[in-house]
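Notes for the one structure printed next.
We name chains A, B, ... by the order of the sequence lines, and we start the count at 1 in each one. Treat the numbers as computed from the prediction; the structure is a model and nothing was measured.
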Amino acid sequence: MPNYWLFKSEPSSFSLDDLKSRPDATEHWDGVRNFQARNFLRDQVQVGDQVLFYHSNTAEPGVVGIAEVVRSGYPDFTAFDPNSKYFDPKSSPERPTWYMVDVRFVRELPRPVTLAELRTIPELSGMALLNRSRLSVQPVREEEWERIMRLAGL
DNA sequence: GCCAACGTTGGC
DNA sequence: GCCAACGTTGGC
């Protein structure tokens, strides 16, 4: 049984289409610099888990697609690179602070499910997205996942 | 571009 | 350990 997650990304920096066009449609989910999100990536996100790909900080924020985890948590090496915008001198290969996973594009939703729409669904009112709006990696319950799939036309 | 929410940092 | 200052996120 896979677990379900919601990963946020600003489409201006990395969009669903960007993921789709990567080699093998696969990319590192790097740059997460929040401890609670880090804990999920390091401890709970597993190969085969299904991910709602969410576009944030854009004209129509919402869930736009589905991705799948193809590698579970391992040290985020961008933290070790002084030239990376995600560089963190407090993290080292010996004692990494930050973790990432790899995800692969699965599909675009038949239609996006916007944040505004999600807010109107009573069964979804418990979602972290609606209550803990800044968490960029967050668990999604199976019922919530299925409800969103139906909203998307799947 | 504004600004509220909120996570993080650092002085004490 | 508290909490004010600060920086970032992200909706609008």
Protein-nucleotide distance ([X], atom [atom1]; [N], atom [atom2]), rounded to Å:
X      : N      : atom1 : atom2 : value
A:E10  : C:dT8  : CD    : C1'   : 10 Å
A:Y86  : C:dT9  : OH    : C1'   : 13 Å
A:L135 : C:dT9  : CG    : P     : 13 Å
A:K8   : C:dT9  : NZ    : C1'   : 8 Å
A:Y54  : C:dG10 : OH    : P     : 8 Å
A:L6   : C:dG10 : CG    : C1'   : 14 Å
A:R132 : C:dG10 : CZ    : C1'   : 15 Å

message = I'd like to know if A:D76 pairs up with A:R33 as an ion pair, taking the criterion as any Lys NZ or Arg NE/NH1/NH2 lying under 4.0 Å from an Asp or Glu carboxylate oxygen.
response =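 Salt bridge present between A:D76 and A:R33.
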note = Readout for nucleotides 2-7 of chain C: B = base within 4.0 Å of protein heavy atom, S = sugar-phosphate only, - = neither; 5' to 3' it is -----B
task = Could you tell me how the ring of A:F53 sits relative to the ring of A:F14: parallel (under 30°), tilted (30 to 60°) or perpendicular (over 60°)?
result =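 A:F53 and A:F14: tilted rings.
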query = Mind checking whether A:H28 and A:Y74 have parallel, tilted or perpendicular rings, split at 30° and 60°?
reply =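 Perpendicular.
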ask   = Under 3.5 Å, is there a donor-acceptor pair between the A:Y99 and A:D43 side chains?
value =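 Note: A:Y99 and A:D43 side chains miss the donor-acceptor criterion.
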task = Within residues 31-45 of chain A, find the residues that approach DNA chain B with a heavy atom at under 4.0 Å, and present them sorted by residue number.
result =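 A:N34, A:F35, in order of number.
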message = Working to the nearest 0.5 angstrom, can you tell me the gap between A:E117 CD and A:L151 CG?
response =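 Those atoms lie 5.0 Å apart.
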key: Contact nearer the 5' end of DNA chain B, comparing A:N57 with A:K90   =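 Counting from the 5' end, the first nearest nucleotide belongs to A:N57.
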